[in-house]
Amino acid sequence: MNKILITGNMGYVGSVIVQHLRKAYPDVTLNGFDYGYFSHCLINVPQLPECSLNNQIFGDIRQFSDTHLEGVDTLIHLAALSNDPIGNRYEDLTMEVNFHSTMRLANLAKLAGVKRFVFASSCSVYGFSEQGPRNEQSPVNPLTAYARSKVRSEEILKTLASSEFNITCLRFATACGISPRLRLDLVLNDFVASAVIDKKITVLSDGTPWRPLIDVKDMARAVDWAINREADVGGAFLVVNVGADQWNFRVHELAEAVARAIPDLDISLNKNAMPDHRSYKVNFDLYKSLAAGYQPEQNLETTIKELKDGIDAMGCVDNWDAGKSFLIRLHVLEMLRNKGLLTADLKWKAGGK
Ligand SMILES: NC(=O)c1ccc[n+]([C@@H]2O[C@H](COP(=O)([O-])OP(=O)(O)OC[C@H]3O[C@@H](n4cnc5c(N)ncnc54)[C@H](O)[C@@H]3O)[C@@H](O)[C@H]2O)c1
């Protein structure tokens, strides 16, 4: 491995992966490619995560040029409109950015001689299931534009993989944990922030839906595994659930775990809520068997403590609504649009990035 390109590096997960890879591979050329929607959404950092890169490229993945692939042997593709609320608001764009651009990028990468392509997929492809933990052979049931974009991307990537072009689709559990670009539109992160600031957790459902979680640090370890994966470990094309069996939680269990760490909380469950459409347990046996040395290491208590400490250190309690909204992706995009910085199709206007 000589040169890695990581798209979407300026996001919640990418900012942590960059730090991990730089530490693990001090001599490898590490380049980032991002459109910078959330470049300003930083917390508690003495320096930009991008300082660990050799080169930061600013650009729209929809117009990705193969000149950025010169000499690249390993491509980690994270760039995406990356949650359900954004997908519901920008359905067509989600397909364009997440699926069509992935297809184009992978084709360009194959032509350019990239050896390994790692795709950030999601366990949300399982949507809703009451039939036990979902494994990679289970039927997918994507309920949102975001989840559909991941399913379609996996399908097209399968057709491109070969002995020279090794593809790994990591179906990540829902992310949580501290990052220089923290997000509060994720269930555990939201609970911890509400507990620290408001001293209460409001669960929108009755608390029974299942959510498998993974700490961002463990996501970085999984990417590290995937970029080193040989085809005799799982094949030239691999789809694998990434997480840990013991991190399948019901939503109310997450609220209770936060309450153990941050006492005197008021937890309200909505007993009369409509059933949550998204609920699934996930089976991680395949990841356990293929990636024994890269299994998730974090425990829930540590993840909650790190989140609490990070949110405490932000010190924005007096202006929390403003602080909170810049940690919620859809709010950030809408703010950039309201200020006239982004067009309706989420392109930076002239003079922007
Ligand atoms: N966070 C999770 O729970 C989770 C779980 C499973 C999978 N994933 C996947 O992991 C990846 C990273 O997730 P994240 O939580 O860091 O998301 P994020 O929204 O924090 O980061 C995504 C990054 O992609 C960039 N991006 C978006 N559109 C772009 C475009 N047109 N051109 C170039 N860059 C663009 C954004 O600027 C941002 O920096 C995504 O593909 C996501 O779908 C995330």
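Position 1 is the first residue of the sequence, and the numbers go up from there. From a predicted model like this one, the values you see are computed outputs, not experimental measurements. We count ligands from 1, going down the list as the structure has it; atoms in each ligand are counted the same way.
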Enquirer: I'd like to check which ligand 1 atoms, numbered from 1 as shown, lie under 4.0 Å from a non-hydrogen atom of Ala175.
Expert: 1 (N), 2 (C), 3 (O)
Enquirer: Does any part of the side chain of Leu75, heavy atoms only, come nearer than 4.5 Å to the side chain of Arg116, both counted from C-beta?
Expert: no
Enquirer: Of the backbone atoms (N, CA, C, O) and the side-chain heavy atoms from C-beta on, which set of Ala173 has a member under 4.0 Å from an atom of ligand 1: side chain, backbone, both, or neither?
Expert: backbone
Enquirer: Look at the aromatic rings of Phe117 and His77 and report parallel, tilted or perpendicular, splitting at 30° and 60°.
Expert: tilted
Enquirer: Write down the atom of Ala236, the atom of Ser162, and the distance for their closest heavy-atom approach.
Expert: CB-O, 3.5 Å
Enquirer: Where on Asn98 is there a heavy atom closer than 4.0 Å to ligand 1, on the side chain, on the backbone, on both, or on neither?
Expert: neither
Enquirer: Would you check the N or O atoms of Phe33, main chain and side chain alike, for any that come under 3.5 Å of an N or O of ligand 1?
Expert: no
Enquirer: Answer yes or no: is there a donor N or O on one side and an acceptor on the other, between the side chain of Asn241 and the main chain of Val282, under 3.5 Å?
Expert: no
Enquirer: Examine Thr174 against ligand 1 and note whether any of their N/O atoms are separated by less than 3.5 Å.
Expert: no
Enquirer: So, does His77 sit close enough to ligand 1 that a heavy atom of it is under 4.0 Å from the ligand?
Expert: no
Enquirer: If I compare all heavy atoms of Ala255 with all of Ile267, which pair ends up nearest, and what's the gap?
Expert: O-CD1, 3.7 Å
Enquirer: Report the nearest protein non-hydrogen atom to atom 32 (N) of ligand 1: residue, atom name, distance rounded to 0.1 Å.
Expert: Ile61 N, 2.8 Å
Enquirer: Looking only at protein heavy atoms, which one is nearest to atom 34 (N) of ligand 1, and what is the separation?
Expert: Tyr35 N, 3.2 Å
Enquirer: Look at ligand 1 and say whether Ser121 reaches it with a heavy atom at a distance under 4.0 Å.
Expert: yes
Enquirer: Would Glu154 and Arg171 pass as an ion pair if we require N to O under 4.0 Å?
Expert: yes
Enquirer: Please check if the side chain of Trp348 supplies one atom and the backbone of Thr343 the other of a donor-acceptor pair under 3.5 Å.
Expert: no
Enquirer: For atom 44 (C) of ligand 1, what is the nearest protein heavy atom, given as residue, atom name and distance?
Expert: Tyr146 OH, 4.0 Å
Enquirer: Angle between ring planes, His40 versus Phe326, binned at 30° and 60°: parallel, tilted or perpendicular?
Expert: tilted
Enquirer: Taking atom CG as the centre, does Leu48 end up with more than 12 heavy-atom neighbours from other residues, nucleotides or ligands that are less than 6.0 angstrom away?
Expert: yes
Enquirer: Is there a polar contact, in the sense of an N or O pair closer than 3.5 Å, between Leu81 and ligand 1?
Expert: no
Enquirer: With respect to Val97, determine whether any N or O atom, backbone or side chain, lies less than 3.5 Å from an N or O atom of ligand 1.
Expert: no
Enquirer: Which atoms of ligand 1 have any heavy atom of Ala120 under 4.0 Å away?
Expert: 9 (C), 10 (O), 11 (C), 41 (O)
Enquirer: Out of Arg62, Arg329, Lys347, whose heavy atom sits nearest atom 14 (P) of ligand 1?
Expert: Arg329
Enquirer: Show the atoms of ligand 1 that are less than 4.0 angstrom away from any heavy atom in Arg183.
Expert: 18 (P), 20 (O)
Enquirer: Would you please name every residue forming a salt bridge (Lys or Arg N to Asp or Glu O under 4.0 Å) with Asp245, sequence neighbours left out?
Expert: Lys288
Enquirer: Counting each atom of ligand 1 from 1 as listed, which ones have a heavy atom of Ser82 under 4.0 Å away?
Expert: 17 (O), 18 (P), 19 (O), 40 (C), 42 (C), 43 (O)
Enquirer: Quick check on Phe64 - does any of its heavy atoms sit under 4.0 Å from an atom of ligand 1?
Expert: no
Enquirer: If you have a sec, work out which protein heavy atom is nearest atom 28 (N) of ligand 1 and how many Å separate them, to one decimal?
Expert: Tyr37 CE1, 3.3 Å
Enquirer: Would you say that more than 12 heavy atoms from the other residues, nucleotides or ligands in this model lie under 6.0 Å from the NZ of Lys200, or not?
Expert: no
Enquirer: Charged N to carboxylate O under 4.0 angstrom, Glu334 versus Arg89?
Expert: yes
Enquirer: Quick one: does Ser101 get a heavy atom under 4.0 Å from ligand 1?
Expert: no
Enquirer: For atom 41 (O) of ligand 1, what's the nearest protein heavy atom and its distance?
Expert: Leu78 O, 2.7 Å
Enquirer: Hey, which atoms in ligand 1 end up nearer than 4.0 Å to a heavy atom of Asp60?
Expert: 30 (C), 31 (N), 32 (N)
Enquirer: Heavy atoms only: which of Gly11, Gly8, Gly243, Gly59 is nearest to atom 33 (C) of ligand 1?
Expert: Gly59
Enquirer: State whether a side-chain donor-acceptor pair under 3.5 Å links Thr303 with Asp215.
Expert: yes
Enquirer: Could an N or O of ligand 1 be found under 3.5 Å from any N or O of Ser122, whether backbone or side chain?
Expert: no
Enquirer: Counting only heavy atoms from other residues, nucleotides and ligands, does the tally under 6.0 Å from CD of Glu301 exceed 12?
Expert: yes
Enquirer: For ligand 1, which atoms have a heavy atom of Leu186 less than 4.0 angstrom away?
Expert: 3 (O)
Enquirer: Hey, any chance Val216 and Val223 share a hydrophobic cluster, counting ILVMFWY side chains that come within less than 4.5 Å of each other, even indirectly?
Expert: yes
Enquirer: Write out the residue and atom name of the closest protein heavy atom to atom 16 (O) of ligand 1, then the distance separating them to 0.1 Å.
Expert: Val13 N, 2.8 Å
Enquirer: List in chain and number order the residues that pass salt bridge (Lys or Arg N to Asp or Glu O under 4.0 Å) with Lys217, two or more places apart in sequence or in another chain; answer none if no residue qualifies.
Expert: Glu306
Enquirer: Look at atom 39 (O) of ligand 1 and say which protein heavy atom is nearest, naming residue and atom and giving the distance to 0.1 Å.
Expert: Asp34 OD2, 2.7 Å
Enquirer: Go through ligand 1 atom by atom and flag the ones less than 4.0 Å from a non-hydrogen atom of Gly36.
Expert: 37 (O)
Enquirer: Measure the distance from atom 27 (C) of ligand 1 to every protein heavy atom, then report the residue, atom name and distance (to 0.1 Å) of the closest one.
Expert: Ala80 O, 3.3 Å
